[in-house]
Amino acid sequence: MKNADAVLQLRNVTKKIGKRTIVDQVSFDVPAGEVFGFLGPNGAGKTTTIRMIVGLIAMTAGEIYVKGISVNKQFERAMTHIGAIVENPEMYKFLTGYQNLVYFARRHTGVTTERINEVVKLVGLQNRIHEKVKRYSLGMRQRLGVAQALLHRPSVLILDEPTNGLDPAGIRELRDYLRTLARQEGIAVIVSSHLLSEMELMCDRIAIIQAGNLIDVRSMNDLKNRVAHRIIVEVEEPEPTKEVLTAMLPDIAMAVQAGQLEITAGRDRIPELTRALVQAEIDVYGIRTANQSLEDRFLELTRGEQIV
Amino acid sequence: MSNFYRLIQNENMKIVRRPRTWAMVGVLIFALLLLTAILKIDQNPNIQNNNWKQHLTETNQRLQQQIDENSADASPDMKLKLEGEINKNLYYMEHNVNPYEVTIWSVVNGSSSLMVLITLLTVIVAADMLAAEYSWGTIKLLLVGPASRTKILLSKYISTLLFTLFLLVLNFVVSFALGGILEGFGEISRPALTIGAGGAVEEGSMLVAILQNYGFKTIELIMYVTMSFMISATFRSSSMAIAFSLLFMLIGNTLVNILSKFEWVKYLLFANVNLSQYANGTPVRPDMTMLFSVCVLLVYFVVFHLISWVVFTKRDVAG
């Protein structure tokens, strides 16, 4: 069941501690070049799953393959393809940034001095790299963490709660950087977070985990489309318009609120709606979707509510 | 293999680049200076000069008297020992060697008494080897790499031993240099005297005698370092590792003396760590031999490593 395109594959990965099941038969694939979000409330099993991928936690059952190499059976080989930041990247504070990178580079074969300098430039730390890490700000440490994870040109980059403790500017920077990495270097990036607004901007696909179960994996676009939106139509006379439209599209819920026509439907119904309005010769001044945060949609999903 | 070599290199880097390590080296050198100064101040100017022979003659007379007085109830062992002492003093006078003179060898020999300090320092380093990675949070990045946990653990242990070796060599070399500078290298060929089986004096190499002393104490040191390393790997607490190792080191001897009437005491680590008890002293219990102690130490050594290994390789690193 090995999928050739996927650089990371999880197959029925399970973790039990005593009688408690922390992660229950989680399976998913991540292809090269994708930013994959791993979403769930605290304690849902995100971090446990991520730590099983990098071998910090032993799995009770299941298999994880990195580029087709089993993490269980060939740990050392599998890890040569993984770069990781697990929570805040803790570095050796009594070493300089550069010494830290030399330290991490030594663990891999073939990381040259040029590569270290290249990565330093990539994360924009050239000016401070020879300072002791204890004088670094959290943002700089985060960058050093990214540098450390990229030294050996991994195929899979794993970030566990990477935005924890970062300021908004730092978060934006990291986000743009990860997207660039995925696009240009073809790295599969796996990000775990409980910050949904972050994931929305960063990820191509999202897996939602709750109480140790993977309840949904879907693309970001799909998630945006399929989930109910509040569509606001600006017309001169909302009440009659509502009646006309209800006659034409009886399966769509509509209401008049604050002098505006509000329609609840998936994003993919908007063109249909527009055509109906044109057909009925109604003057339309604007159609917009009210910003419903991913948070609301996420809550809908985790409550097990029907997706429209 | 080069992969493993680089792991050790990394562990060494973490020891060497820490300012604390150099504070330790400073403490050791300071202690050596202090020791040399005390030896220099403490030497008795009277017996230092010409009347040392007179002093030895008087000592021998006193020893002879002791033998004569107690000849009835003294054990043959005791008598042999006293006679050996007399022979030794005679040897000194015959060869015109002043035993009270402070030479380069007195300084080097004195340096072996700093083994307690070296043990203390290396126990602290061993205690931090794993516990510090947990408290710094660096354990995660350490383990997420292309090296198995067994290799990481082994590289850390080897690196600890290398640091131990460094301190031992430093101690020896610095004391040799200090002794040479202050007392001159003139007495370097002075032999080490031991008393043979028949009470006769035997000449030996001073260097060999001192190295033997170092060797016995190094075995003791390695046992405590391994113990500290195990506690560090098992409980992730460096203070606990330091506290227990030092506690055992300090009270071990007393404890063994108190309990020496029980037979099981011979299986205790502390009863066996001091192998010099067979070379120049009496064993804790008469039924103990050097071979027995070596075996007991080996068992402890293997068990310490087994515990560290099982706990470290099986532990889930969460939180």
Side-chain angles (χ1 to χ4, degrees), chain A residues 15-17 22 45 47-48 50-60 66 69 71 74-96 99-100 102-111 132-134 141 144-145 148-149 151-152 154 156 158 160, chain B residues 1-24 124-125 128-156 158-159 236 238 309-319:
Chain A
K15 177 68 181 177
K16 284 182 186 161
I17 297 178
I22 312 286
T47 298
T48 307
I50 292 242
R51 287 181 184 216
M52 285 194 281
I53 299 174
V54 296
L56 285 175
I57 293 181
M59 49 194 122
T60 314
V66 180
I69 304 160
V71 170
Q74 287 178 284
F75 177 76
E76 295 190 353
R77 259 189 75 208
M79 285 306 119
T80 58
H81 300 294
I82 284 190
I85 303 177
V86 184
E87 283 174 345
N88 293 332
E90 301 295 350
M91 300 288 174
Y92 297 99
K93 292 198 171 86
F94 52 90
L95 300 179
T96 66
Q99 285 166 347
N100 264 294
V102 169
Y103 169 87
F104 287 108
R106 270 200 207 117
R107 308 192 309 168
H108 297 279
T109 327
V111 181
K132 289 239 162 76
V133 170
K134 65 175 158 221
R141 274 181 219 170
L144 192 62
Q148 163 275 130
L151 277 174
H152 54 292
V156 180
I158 292 172
D160 185 17
Chain B
M1 208 53 216
S2 69
N3 180 15
F4 186 63
Y5 169 74
R6 290 201 299 261
L7 279 179
I8 297 175
Q9 218 181 343
N10 269 352
E11 293 307 324
N12 287 344
M13 181 189 190
K14 281 184 276 185
I15 295 178
V16 171
R17 297 277 184 192
R18 276 186 84 179
R20 190 191 68 177
T21 307
W22 298 101
M24 286 181 173
I124 292 173
V125 169
D128 248 4
M129 229 43 208
L130 275 146
E133 301 275 1
Y134 282 100
S135 63
W136 292 332
T138 46
I139 187 74
K140 290 171 286 187
L141 285 183
L142 178 70
L143 297 182
V144 182
S148 68
R149 292 195 187 186
T150 308
K151 279 187 190 166
I152 289 171
L153 189 71
L154 192 62
S155 70
K156 279 188 170 293
I158 289 174
S159 174
R236 292 173 288 177
S238 50
W309 180 77
V310 169
V311 174
F312 183 68
T313 52
K314 301 282 174 263
R315 170 180 285 134
D316 283 345
V317 180

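Note on naming: letters A, B, ... go to the chains in the order of the sequence lines (proteins, then strands), and numbering restarts at 1 for each one. Computed from heavy atoms alone, side chains included, the values below leave out hydrogens, waters and symmetry copies. Note that the structure is a prediction, hence the values are computed from the model and not measured.
At a 4.5 Å heavy-atom cutoff, the contact between A/F75 and chain B is made by side-chain atoms alone. In this structure, chain A has a heavy atom under 4.5 Å from the side chain of B/E133, while its backbone stays farther away. Residue B/K314: no heavy atom, backbone or side chain, is found under 4.5 Å from chain A. In this structure, the portions of A/Q99 lying under 4.5 Å from any heavy atom of chain B include both its backbone and its side chain. For B/R315, the part sitting under 4.5 Å from any heavy atom of chain A is the backbone (N, CA, C, O) and nothing else.
When A/V86, A/I17, A/I158 are compared by the number of non-hydrogen pairs under 4.5 Å with chain B, A/V86 comes out ahead. Heavy-atom pairs under 4.5 Å with chain B peak, among A/R106, A/E90, A/M79, at A/R106. Between chain A and the residues B/A132, B/G137, B/S148, the largest count of heavy-atom pairs under 4.5 Å involves B/S148. Comparing A/K93, A/M52, A/E76 by heavy-atom pairs within less than 4.5 Å of chain B, the highest count is held by A/E76.
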Exercise. Show the numbers, then the answer: is there a salt bridge (Lys or Arg N to Asp or Glu O under 4.0 Å) between B/D316 and A/K15?
Key: CA-CA 11 Å; B/D316 283 345; A/K15 177 68 181 177; 2.7 Å; yes
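If you take NZ on B/K151 and CG on B/L7, they are separated by 7.5 Å, rounding to the nearest 0.5 Å.
Between the B/N10 side chain and the A/Y103 main chain, a donor and an acceptor come within less than 3.5 Å of each other.
Contact check for B/L153 versus B/L130: side-chain heavy atoms found under the 4.5 Å cut-off. Side-chain contact between B/R18 and B/M24: absent, with no pair of heavy atoms (C-beta onward) separated by less than 4.5 Å.
For B/W136, the ring-ring contact (aromatic ring centres under 6.0 Å, His included) partners are A/Y92, A/F94, not counting sequence neighbours. Shown here are the ring-ring contact (aromatic ring centres under 6.0 Å, His included) partners of A/H152, two or more places apart in sequence or in another chain: A/H108.
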